[in-house]
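Have a look at the structure below before the remarks.
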Amino acid sequence: MLKLAVIPGAICGGCDVALASVGEKLLDVLKYYEIVYWPIAIDRKLSDLEAVEEIDALIYMGGVSTSEEYELARKLSSKSRVKVALGTCSVYGGIPGLNSLSSPLEVYKVNMGKSDHWIQGDSLGLPQLIPYMAYTDVVEPDILAPGCPPSGKVLDQLLEQLIEYAVKGEIEHKPILLGDPESLCNKCPRNPKTTKIKMPGIYRLHEVELDDKKCFLEQGILCMGPATRNICDHSCIKTNYPCTGCGGPLEWGGDSGVSMISSIGSILLVDSEKSLLEPGLTREIDKLRDYIGTFYRYTLRKSMLYKLRELKKGGLK
Amino acid sequence: MSWRPRIIAFFCKWCAGSAAETAGVMRLRYDPNIVPIIVPCTGRIDPQLVVSAFLNGADGVLIGGCHTPNDCHYSSGNFKAFKRVYMLRKMLAEVGVEPERVRLEWISATEAPKLVRVVNEFVEEVRRLGPMGGSRA
Amino acid sequence: MSEYRLYRVLDPVTLVEGVARVVIVTGDRDIRAVYQIMEFRGFEKLAIGRKMEELPRIMSAICGVCSWSHHLASGKAIDVVFGRRPTPRSTLVRKLVNYIQVLDSHLLHFAFIGLPDVTLWGEMQRDISKLLAKNPGLVEAALKTRSLFKVLEKKLVGKIQHGGFVVPGGVTRGFNRDEIAEAEKILGEISDLTMKLHEFFKDRVVYSGLLRKLAERGEFDLKAYNLGLVSGGDLELYDGALRLIDSKGRVVAEIADNSKYSDLIGEATVPWNYATLPYYKQAGFKLFSEESTILVGPLARINVSSRVRGEKASLEYGELVEYAGGKPISNLLYAHWARLVEIIHCIEMMREIMDKPELYEGGLVNITGSPVERGIGVLEAPRGILIHDYTGNGELIATSARVITPTTINNMAINTNLTKVSGRLVEEIRSKGEPSRETIAIMESMIRAYDPCNSCATHVLRINGHSQPVSFTLMVVSEEGEVLWWG
Ligand code: SF4
Ligand code: SF4
Ligand code: SF4
Ligand code: FES
């Protein structure tokens, strides 16, 4: 039997619940693996896991936010053969990664700033906050399973990979980014297909009554579809909510934000550029607010923009 | 004191690119810190290229293309570039990078003097902003 | 500062969502157990600068266990910010989803944590695997509800967690009759399975007298303020007045305007916890004192409301109150039964909504209204009062956010409750070298009764492990850091 460990880092619980809900497929995996640690599912303590000399497959969920999480992620990864980053927090930093532009202290101050009462004293061993990281900033995983939380499709692919590893003893073409290697637009039921998508302007989500058939971009509503990997078969779009990009970029190493502005550049008001001219286009683009929260909602921590910012601060060579 | 700004310039081959050539022929001098890269059309410049330039050591990126509305050889590549650069600059500002490090100018094949002026101005601007990475020595 | 020693116990607390541990502090005058929440993600900071209409999808990532509660509370806050009254149809859609959320979460806790914890009283390992060995049919029923919820949630809300459908003034999609017909069928199955769990609980825990016997123990008692939503005095989960009662059951405050929540709740920051300690503001902050502690959640809701709607639920409610000897019920172990009352209530209310023609007719969103600066959304999440409070600028970009989750509110209650056993725990360690099984069991049961969701409290803080049956890790460390005992 191979050994499988599932570790929760800084998570919301969503990935944990998603993995626990896959059902029968999990039973297939259990033909090859014994779960040596997974707090949500089995009664094993961290000390048991520390006693295990080698872990065959390690699944890490969530980001890394404290000194204790960091140590744990490092220590366990170093004795694991196959490392899996599960969920967008783990792969790209996820939504908490939006705080990566501020120091932990600044974040802490804002969060606690609304208190009515402050007490001084000892921290009683409370773990220290460190600058927030994705799991992929700590180690280079072999399998990346994006999604907030990962869809049934990604989880199925992951379990298949684990079974394949159990049978073959190796993973080829690492790192493997799960999901389908295409943009969400590719097979989107709303993709006009015969014509190119055109954006008639820029509207915010609250400004229009959403058409439940038409491509969001064609309604002027930002949909991250063109820059997002198909990890979910359009689950948000099917509930008439635009894709917010939780699947991350099309390829590992890609960048959702710059590819999205590239796409918008090609499709925004293409029929009236020559009459609107630069001032007209500027006026429309000015309606676009919060680039970071829109284009990098889930991937800021791993983005080129974050690297640029680090470079600016002198923290990158 | 010895720091010199490193600048990448993407010039479209039909307008700014050929203005640069003319400038050479006319022996108009522009700052040597600039590395010109000739592209078929500004509409082909992916914002990713611009960001990569910074990550690979550039302190500023200049883009020169054909005048709007009608000079682009491919009809509207320049408008695409305009929209992308406009958004990119906003995005840079959000992470604390000076948007002035990216500049877009329309320069026709006959405007070699404008090209020289723009380049020199831009070099000056970037010099004022200091190096992209860390220390401002 | 006086000298103290530190003992870490229950590290981490398992069978709760998130990462927490219990630390025992002993000083010259005082012995205390503190419940320490340890993760930090900072949602109040990352909300700043975001487009307010998109906050519901962003802020739901505070918690994957009750993501719909956050999505909806956030949605209620932005309705106010955008000055929009949600359409009647969209309100029904939201209410339905809210009931699904409470039902799902309660059933999970009741079946996987509550039942084993109470019915296996006296045993060290009180988890679902133990229960499985004793009563496989029951556990099968519990597991079946999980897969049914998955189908139901996928069907109605697209994703199991963190989808989006709430926008200011409404929702992006409604349900059609076919979808609801299917959902109703699934709900019927869930309801049947629930009956099995219900009977088992009543038999083994209530009629056997076990619950009364356990409830006689003083440790589980909490004579605190109780806070919950009521609508016309009825138990309410989505939209109502905040009612606060004191430990004698007297109504101290009832505010229809939820935006005045800060008249009732203050927050204290302590250096040993990443979650704040909310307290009853008028009483002032008194650390670990019942006099300033507020309880929220199923038991508090039962305590504050005069009635529970739904034929079966109201009967169950009556039976609970009678058995417990009247209200307010101050013994935390009754929270399990309170959850059961609400499970039944949710099923009945969902059926009621599904039968309403308004669920299928009318507009899904109201896009008119004049925006205001600040919006506050309050609702009852499975674990109690949840508050999202946002301020924005003229461009509807968030400039500040405050989120108070039920587990954060109960942080003080848990800590206050724990104080009642910590003295005994330390005595035992000193005299016998280790705590008695009974003391550990009491602490575990105490914390589990709260069903703390530390990811929620962990928008500031997180606790490791999860909402499923595992036992606690307990460790006692000397002041020199030597491990005295662990198990
Ligand atoms: S990826 Fe999403 S679901 Fe998973 S832990 Fe992060 S926020 Fe939660
Ligand atoms: S932009 Fe969105 S809605 Fe349009 S085709 Fe792409 S994924 Fe579909
Ligand atoms: S549609 Fe987009 S946001 Fe929604 S699950 Fe898929 S990738 Fe994530
Ligand atoms: S050809 Fe010069 S910008 Fe398009």
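Below, read A as the first sequence line, B as the second, and so on, with proteins coming before strands; counting in each chain starts at 1. Any value given below was found using the heavy atoms of this structure, including those in side chains, with hydrogens, waters and symmetry copies removed. Bear in mind the structure is a predicted one, so any value in this text is a computation, not a measurement.
Counting heavy-atom pairs closer than 4.5 Å to chain B, the top residue among A/Leu277, A/Val258, A/Leu269 is A/Val258. Note on A/Thr282, A/Val270, A/Ile264: by heavy-atom pairs under 4.5 Å with chain B, the leading option is A/Thr282. Contact count against chain B (heavy-atom pairs under 4.5 Å) is highest for A/Leu268 among A/Asp255, A/Ile267, A/Leu268.
With hydrogens and angles disregarded, no donor-acceptor distance shorter than 3.5 Å links the side chain of A/Lys274 to the backbone of B/Ser76. Of the possible polar contacts, one joining the B/Glu94 side chain to the A/Ile292 backbone as a donor-acceptor pair under 3.5 Å is found.
In terms of heavy-atom proximity, A/Ser266 sits nearest to B/Arg84 at OG-NH2, 2.8 Å. Between A/Met304 and B/Ser52, the shortest heavy-atom contact is CE-OG, 3.3 Å. Considering every non-hydrogen atom in both B/Met91 and A/Gly257, the closest pair reads CE-C, 3.9 Å. Shown here for B/Phe54 and A/Leu311, the closest heavy-atom pair between the two residues is O-CD2, 3.5 Å. Here the closest non-hydrogen pair linking B/Lys83 and A/Glu273 is NZ-OE2, 2.7 Å. Taking each heavy atom of A/Arg309 and B/Val95 in turn, the nearest pair found is CD-O, 3.2 Å.
No more than 12 heavy atoms of other residues, nucleotides or ligands sit less than 6.0 Å from atom CD of A/Glu140. Within a 6.0 Å sphere centred on NZ of B/Lys114, heavy atoms belonging to other residues, nucleotides or ligands number more than 12.
Contacts between A/Ser259 and chain B at a heavy-atom distance below 4.5 Å are absent for every atom of the residue. For A/Leu288, the part lying under 4.5 angstrom from a heavy atom of chain B is the side chain only. Looking at A/Leu101, the atoms closer than 4.5 Å to chain B (heavy atoms on both sides) all sit in the side chain, from C-beta outward. With a 4.5 Å cut-off on non-hydrogen atoms, B/Phe82 touches chain A through its side chain but not through its backbone.
Atoms CG and CZ, on A/Leu281 and B/Phe79 in that order, are 6.5 Å from each other to the nearest 0.5 Å. The NZ atom of B/Lys80 sits 10.0 Å away from the OG atom of A/Ser262 when rounded to the nearest 0.5 Å. The OG1 atom of B/Thr68 sits 12.0 Å away from the CG atom of A/Leu276 when rounded to the nearest 0.5 Å. With rounding to the nearest 0.5 Å, the separation of CZ in A/Arg289 from NZ in B/Lys90 is 7.5 Å.
Counting heavy atoms from C-beta outward, B/Arg101 and A/Lys312 have side chains that approach closer than 4.5 Å. Residues B/Trp106 and A/Glu278 are in side-chain contact: their nearest non-hydrogen atoms beyond the backbone lie under 4.5 Å apart.
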